[in-house]
Amino acid sequence: MQIPFFNYPKIYAEEKEAFNEIFQEVCSRGAFIMQKDLSDFEQELAEYIGCKHVIGVADGTVALNLSLKAAGLKKGQEVIISSHTFIATAAAIKDAGGIPVVSDCLSDSSISPKSIENMISEKTAIIMPTQLNGRCCQMDEIQEIADKNKLKIVEDSCQSLGATYKNKKAGLFGVAGSYSFFPAKTLGCFGDGGAIATNSDEAADLILKLRNHGRDPSGYVSEFGINGRLDNLQAAILKHKLKSYDLYINKRREIASLYYSKLNHIGDILLPPAPNNEGENFDIFQNYEIQVKERAKLKEYLLKNGIGTIIQWGGWMIHQFKDLNLKSDHNYAEEMSKRMLLLPMNHYLTLEEVEYICDKILNYYG
Ligand SMILES: *Cc1c(COP(=O)(O)O)cnc(C)c1O
């Protein structure tokens, strides 16, 4: 069997006819920028998330950047993030004039609340937890820390559309939440795309302006914005795929259950928590990140057997980009960076393929 880490052509192949029809229909209307497909998608996604406003934007990084601006981030203020996140989290802060400050992570990949407390300073304005791998952080504790220190929360929920913590969806814990529609994300489009969720009318008004050159509906500009719009054609594709989103998530959770039941007894592997319908977290498994000693050997063995794996962020936690000189607290993240490995996880996989991956891993450990 050949199982690439992610099979990009399958995105189109899965529903080729439906996608072709959408392309023809939207293009025939000449509906390319800020048209009905975009506002329909925004409305339907808002219903799915259960929030007042969803604003489609160019990509997840723009979503993070505009969310921080909407939360009132000022030049020189610090924003606390996790070491185990995409560089875009830090870059969005930098671009909005802030200073990224890096906290440690926990064994389930979420940000460590204790470490957040260690990193708070006079300059801290915002906590920006990454809801990584499709799993929410310990949001009660983070909320408590934010309240106690009068800090705002802005979420990097780019990997967690539909994940919940105590029945609240990722993206709704702070001023605003961001999502990415990069092709390999749980809800992927045919290029770049992103969205912001917020319950604040004020934040929504500002983001709507900023994504469209700072213009209000009359065309008046009160402050400089950017071109950060989500293409209408991508929105039409996303609107179609949103109808099947719960099925994609169910499939991912089914795959996670299979990995868990087959591999959980291997002492040398630390698995993500099993999908759980009763606990505080409902995870959507954007990624299936395991931790193993001697990662390179397992990676190579799996590759020899036709199985693609990936090391998230190329193996660098944020604090390990030495040239960026970021203030950080990172004991666990340092260790985890040597052990983390992503197994194939997407709704296009068959259960037979997942069984094959598990069998090879079981063989490897004898
Ligand atoms: C995908 C992702 C983003 C945003 O990525 P874009 O490519 O800009 O859409 C941000 N943060 C995390 C954690 C991500 O995984």
Side-chain angles (χ1 to χ4, degrees), residues 5-6 8 11 41 45 54-69 79-96 98 100 102-103 105-106 108-111 126-137 153-163 170-171 173-174 176-197 207 211 226-231 234-235 237-238 241 252 272 283-289 310-321 333 336-337 340 342 345-346:
F5 178 73
F6 192 87
Y8 284 94
I11 299 176
F41 170 62
L45 188 58
V54 161
I55 301 141
V57 292
D59 53 56
T61 311
V62 165
L64 294 169
N65 183 259
L66 298 187
S67 299
L68 288 163
K69 287 178 180 162
V79 181
I80 298 178
I81 59 173
S82 174
S83 192
H84 194 0
T85 188
F86 187 28
I87 189 60
T89 320
I93 296 164
K94 198 78 186 164
D95 195 52
V102 181
S103 284
C105 64
L106 301 172
D108 71 347
S109 306
S110 65
I111 192 167
I126 295 171
I127 304 171
M128 188 147 102
T130 295
Q131 318 292 20
L132 194 70
N133 295 337
R135 179 178 173 84
C136 290
C137 301
I153 294 175
V154 172
E155 283 167 80
D156 181 342
S157 37
C158 282
Q159 292 199 358
S160 288
L161 175 62
F173 291 92
S178 294
Y179 310 97
S180 167
F181 308 126
F182 182 84
K185 292 276 158 70
T186 48
L187 184 65
C189 65
F190 295 155
D192 279 314
I196 299 167
I207 293 163
R211 79 159 176 192
I226 58 167
N227 180 351
R229 300 174 301 228
L230 175 64
D231 289 349
Q234 299 291 2
I237 298 286
L238 288 162
K241 289 182 83 173
R252 283 172 181 268
D283 301 339
I284 62 144
F285 293 92
Q286 165 66 57
N287 296 313
Y288 199 79
E289 189 162 57
I310 273 189
I311 300 169
Q312 203 161 202
W313 331 126
W316 280 287
M317 299 290 191
I318 293 281
H319 73 274
Q320 293 171 329
F321 295 115
M336 187 168 177
S337 70
M340 60 191 188
L342 297 181
M345 168 57 84
N346 56 74

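None of these values were measured; they are calculated from a predicted model. Every number for a ligand or one of its atoms is a count from 1 in the order of the listing.
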Any chance the rings of Phe181 and Tyr179 have centres within less than 6.0 Å?
->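 Judged by ring-centre distance (under 6.0 Å), Phe181 and Tyr179 do not meet the cut-off.
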Fit a plane to each ring of Trp313 and His84, take the angle between them on a 0 to 90° scale, and name the class: parallel (under 30°), tilted (30 to 60°) or perpendicular (over 60°).
-> perpendicular
What is the distance from atom NZ of Lys94 to atom CG of Asn65, rounded to the nearest 0.5 Å?
->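 So the gap between those two atoms works out to 13.5 Å.
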Leu66 CG to Asp95 CG distance, which is reported to the nearest 0.5 Å =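 Between Leu66 CG and Asp95 CG, I get 9.5 Å after rounding to 0.5 Å.
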Can you spot which of Gln131, Met336, Gln159, Gln312 makes a side-chain contact (heavy atoms from CB on, under 4.5 Å) with Ser109?
->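 Exactly one candidate clears the test, Met336.
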With hydrogens left out, which residues have an atom under 4.0 Å from ligand 1, given that only heavy atoms count?
->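 Contacts of ligand 1 under 4.0 Å: Asp59, Gly60, Thr61, Leu64, Thr85, Phe86, Thr130, Asp156, Cys158, Gln159, Ser180, Lys185.
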In terms of heavy-atom contacts, Leu68 and Met128 come closest through CD2-SD, 3.8 Å
